[in-house]
> 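Right, I'll just put the structure down here and ask away after.
Residues: numbered from 1 along the sequence shown. Remember, it's 1-based here, ligands and their atoms both numbered in the order they're listed. Every heavy atom of this structure was used, including side-chain atoms; hydrogens, water molecules and symmetry mates were not. Predicted, not measured: the structure shown is a model, and the values here were computed from it.
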Amino acid sequence: METKICIPITAKTAEQALKELRQAEKLADITELRIDYIKNIDEIKLKNILKKKTKKVIVTCRPDFEGGYFTGRETERFGLLKKAIKLSADYVDIEFKSNKDFIKELIKNKKSSKIIVSYHNFSRTPDLGFLKKLKQEIKKLNPDLIKIITFAESINDNFKIFELLKDSEDLISFCMGLRGQISRILAKKYGSCLTYASLTPGKESASGQLTIDELSKLYNFDMQNKDTKILGVIGEFAENSKSKFMHNPNFKIHNLNFVYIPFKVRPEELPCFMENFRKFDFRGSAVTVPHKEKIFGSIDVLDDTAKKIGASNTLAVKNKKIIGFNTDYYGAAKALKEVTEIKGKNILVLGAGGAARAVLYSLCKENSFVTIINRTKEKAVKLASEFHVKFNDMNNIKRLITKSDIIINTTSVGMNPRPDASLINKDDLLPGKIVMDIVYNPVKTRLIKYAEEKGCTTVTGDRMLIYQAIGQFELWTGVRPDFKSMELNLNKHLLER
Ligand code: ATR
């Protein structure tokens, strides 16, 4: 069965349920009527809703012991499910934890309805052996579909579900929770019969459920299939990354069968995640905080530039090998070149971290005259000697600005949640200077605002972000993406403050 999107109806009254059903049917393949949400649900109310349906409906009455809202007696609950069959519900969902005699009775007397027997684990994902056995146990009851839903404590739990889905024609399976979202997004790739999405934010029937808008518009669900190539961003807080808004629309524009998703990975989970990355043939990823250095332990080859920079922000799989690249340097140079030549310029670089390394590499390639200053001077000294440039003391910042054509902030100062911070005082800036900030959250940092007020030319952090993403996109797909579309989609999701 081709994976379908199901929107759960979680209204508290029959009238509201009907209203939501109409909206949901415009967007989903199938809906799930959660009758445990509806107050005083009875046969008449159920009939009124079901007779108005235009698409297939699953009727579910989740008891409180399985995460639902039905608190009545079990016989009452079974009675409602039998009525759903009588009213020709397309599917009826019954929990595996229910009385087995009743499940058997429901399956025996299902008439035109199909029966889903479901298992939920709201706290963890048991090991694969347990899940396989569970699937066999449920299968013995001979339902039409088996549903196994677990909670992902770690991103690596999703891979147990992908294994479980192998060779299963009749299984609905994914993980709940924020860390389980990749299994909801990749339901088509791995063959879950259904994936659930909420009608609107706040209407989720389970944790981690995406909205129908996110699933179908952001993650191009309609375009996905078994051959979809998987890309993403590896980060401890990957869900906050904006790159999904740039890459996914461009896959659609160029008709490329890729999807780009957040991989929310804790440091201790990284080695196991990278094993899964290989095993499940993921094609590449961006790498962000705090994995930029630790990732070296999991890749096969470091490309020359990434080696020289000493940091990798991008992985791409070529001939089964995971190669570490750096596209930040390319992004920095392209962003700066939008407003100025780099060659021969005096440039002051603030900061001596990983981002500074990529920026320095791009500046040195262009034969410019660079001076580094940093809060921790020893780091500036070390970096300056590595890249054969000058260093100086933070205290001399005013004099150094006067002598520079270009000033680049590579530190995190000015980033949310402290957007009012700046390493440079407004009065130290002079008209005609070029000021670049690599911070893009917010786009207009305090430094950029000061620079604008003093008549400087500015380069905001979103420019570098877009250009480095363009470098990644080309590496992964071989296609040059559309700059305007990347810019437009990113800007919709960036704070301008
Ligand atoms: P990234 O990989 O993003 O560059 P990093 O390697 O941790 O991150 O580097 C952060 C840079 O921002 C460093 O230059 C850091 O200065 P220190 O080397 O002294 O730590 C700089 N930075 C961060 N917070 C700062 C602050 N409040 N004031 C001045 N510099 C700061």
Side-chain angles (χ1 to χ4, degrees), residues 233-238 240-243 267 270 285-296 302 305-315 324-333 335-336 347-364 370-387 389-398 400-401 407-425 428 435-443 445-448 450 460-465 467-469 472:
V233 48
I234 306 173
E236 189 160 15
F237 303 100
N240 298 331
S241 162
K242 308 287 178 203
S243 39
L270 187 65
S285 82
V287 184
T288 184
V289 196
H291 304 309
K292 279 194 180 177
E293 280 164 35
K294 228 180 154 199
I295 200 75
F296 288 149
L302 205 53
T305 306
K307 212 181 279 170
K308 282 180 195 142
I309 294 170
S312 170
N313 71 323
T314 307
L315 308 182
F325 292 91
N326 191 305
T327 64
D328 279 337
Y329 88 91
Y330 168 82
L336 200 50
I347 306 178
L348 180 63
V349 171
L350 276 62
R357 301 183 73 89
V359 170
L360 279 173
Y361 178 82
S362 64
L363 300 179
C364 292
V370 177
T371 303
I372 310 174
I373 53 172
N374 189 48
R375 176 178 63 181
T376 312
K377 194 173 170 186
E378 303 79 71
K379 278 164 78 181
V381 174
K382 191 167 170 285
L383 207 57
S385 105
E386 205 177 307
F387 283 87
V389 297
K390 291 188 204 156
F391 66 87
N392 211 307
D393 201 290
M394 254 311 192
N395 296 328
N396 299 327
I397 192 162
K398 188 172 178 176
L400 293 165
I401 290 171
I407 299 115
I408 306 176
N409 175 47
T410 73
T411 76
S412 49
V413 177
M415 193 186 286
N416 276 321
R418 260 179 254 134
D420 292 329
S422 166
L423 286 179
I424 296 177
N425 295 323
D428 293 348
V435 176
M436 172 166 162
D437 201 336
I438 70 157
V439 173
Y440 59 83
N441 175 25
V443 174
T445 57
R446 175 64 51 188
L447 173 61
I448 292 291
Y450 283 165
T460 49
D462 57 326
R463 316 305 296 170
M464 174 168 161
L465 186 69
Y467 282 116
Q468 69 77 31
Q472 294 178 319

> Check this for me: Lys398, atom NZ, are more than 12 non-hydrogen atoms of other residues, nucleotides or ligands nearer than 6.0 Å?
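Result for NZ/Lys398: open.
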> Determine the sole option in Val370, Leu360, Ile347 for which the side-chain contact (heavy atoms from CB on, under 4.5 Å) test with Ile408 is passed.
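Going through the options one by one, the only one that passes is Ile347.
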> At what distance is the nearest protein heavy atom to atom 5 (P) of ligand 1, and which residue and atom is it?
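Protein heavy atom with the smallest distance to atom 5 (P) of ligand 1: Gly353 CA, 3.9 Å.
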> What distance separates Ser243 OG from Gln468 CD, expressed to the nearest 0.5 Å?
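These two atoms lie 7.5 Å from each other.
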> Record the part of Thr411 in heavy-atom contact with ligand 1 below 4.0 Å; permitted values are side chain, backbone, both and neither.
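For Thr411, backbone and side-chain atoms both sit under 4.0 Å from ligand 1.
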> Below 4.0 angstrom from a heavy atom of Leu423, which ligand 1 atoms are there? Numbered from 1 as shown, please.
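In order of number, 28 (N), 29 (C).
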> Other residues, nucleotides and ligands only: do more than 12 of their heavy atoms fall within 6.0 Å of CD on Glu293?
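No, not enclosed.
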> Have a look at Ile438 and tell me which of Arg463, Met415, Met464 forms a side-chain contact (heavy atoms from CB on, under 4.5 Å) with it.
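Going through the options one by one, the only one that passes is Met464.
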> Taking distance alone, with no angle check, do Ala352 and ligand 1 share an N/O pair under 3.5 Å?
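Indeed, backbone or side chain, Ala352 has an N or O that close.
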> Look up atom 9 (O) of ligand 1 and tell me if a protein heavy atom lies less than 4.0 Å from it?
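When distances to the protein are checked, atom 9 (O) of ligand 1 has a heavy atom within 4.0 Å.
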> What atoms of ligand 1 come closer than 4.0 angstrom to any heavy atom of Gly351?
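Within the 4.0 Å cut-off of Gly351, ligand 1 contributes 14 (O).
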> Taking both backbone and side-chain atoms of Ala356, is any N or O found less than 3.5 Å from an N or O belonging to ligand 1?
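N/O-N/O distance below 3.5 Å does not exist for this pair.
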> Just distances here: any N/O of Asn374 and N/O of ligand 1 closer than 3.5 Å?
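By distance alone, the answer is yes.
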> For Ala355, counting its heavy atoms only, list the atoms of ligand 1 lying under 4.0 Å from any of them.
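Counting atoms of ligand 1 from 1, those under 4.0 Å from Ala355 are 1 (P), 2 (O), 4 (O).
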> Got the closest protein heavy atom to atom 26 (C) of ligand 1, with its distance?
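In this structure, atom 26 (C) of ligand 1 has Arg375 NH1, 3.2 Å as its nearest protein heavy atom.
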> Can you report which non-hydrogen protein atom sits closest to atom 19 (O) of ligand 1, along with the distance?
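It is Thr376 OG1, 2.4 Å.
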> Can you give me the closest heavy-atom contact between Ala286 and Gln472, atom names plus distance?
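The answer is CB-NE2, 3.5 Å.
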> Does the side chain of Ile234 reach to within under 4.5 Å of the side chain of Leu270, using non-hydrogen atoms?
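Side chain of Ile234 against side chain of Leu270, heavy atoms only: contact under 4.5 Å found.
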> By number and element, which atoms of ligand 1 are closer than 4.0 Å to a non-hydrogen atom of Lys379?
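Close to Lys379: 17 (P), 18 (O), 20 (O).
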> Do Phe391 and Leu383 have side chains that get closer than 4.5 Å, going by heavy atoms?
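Result no, sub-4.5 Å side-chain heavy-atom pair not found.
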> How close does the nearest protein non-hydrogen atom get to atom 2 (O) of ligand 1, and which residue and atom is it?
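Scanning the protein heavy atoms, the shortest distance from atom 2 (O) of ligand 1 goes to Gly354 N, 3.4 Å.
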> Check whether any side-chain heavy atom of Val435 lies under 4.5 Å from a side-chain heavy atom of Ile424, and answer yes or no.
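Not touching, per the 4.5 Å side-chain cut-off.
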> Only heavy atoms of Ser412, strictly under 4.0 Å: list the atoms of ligand 1 that pass.
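The atoms of ligand 1 under 4.0 Å from a heavy atom of Ser412 are 12 (O), 23 (C), 24 (N).
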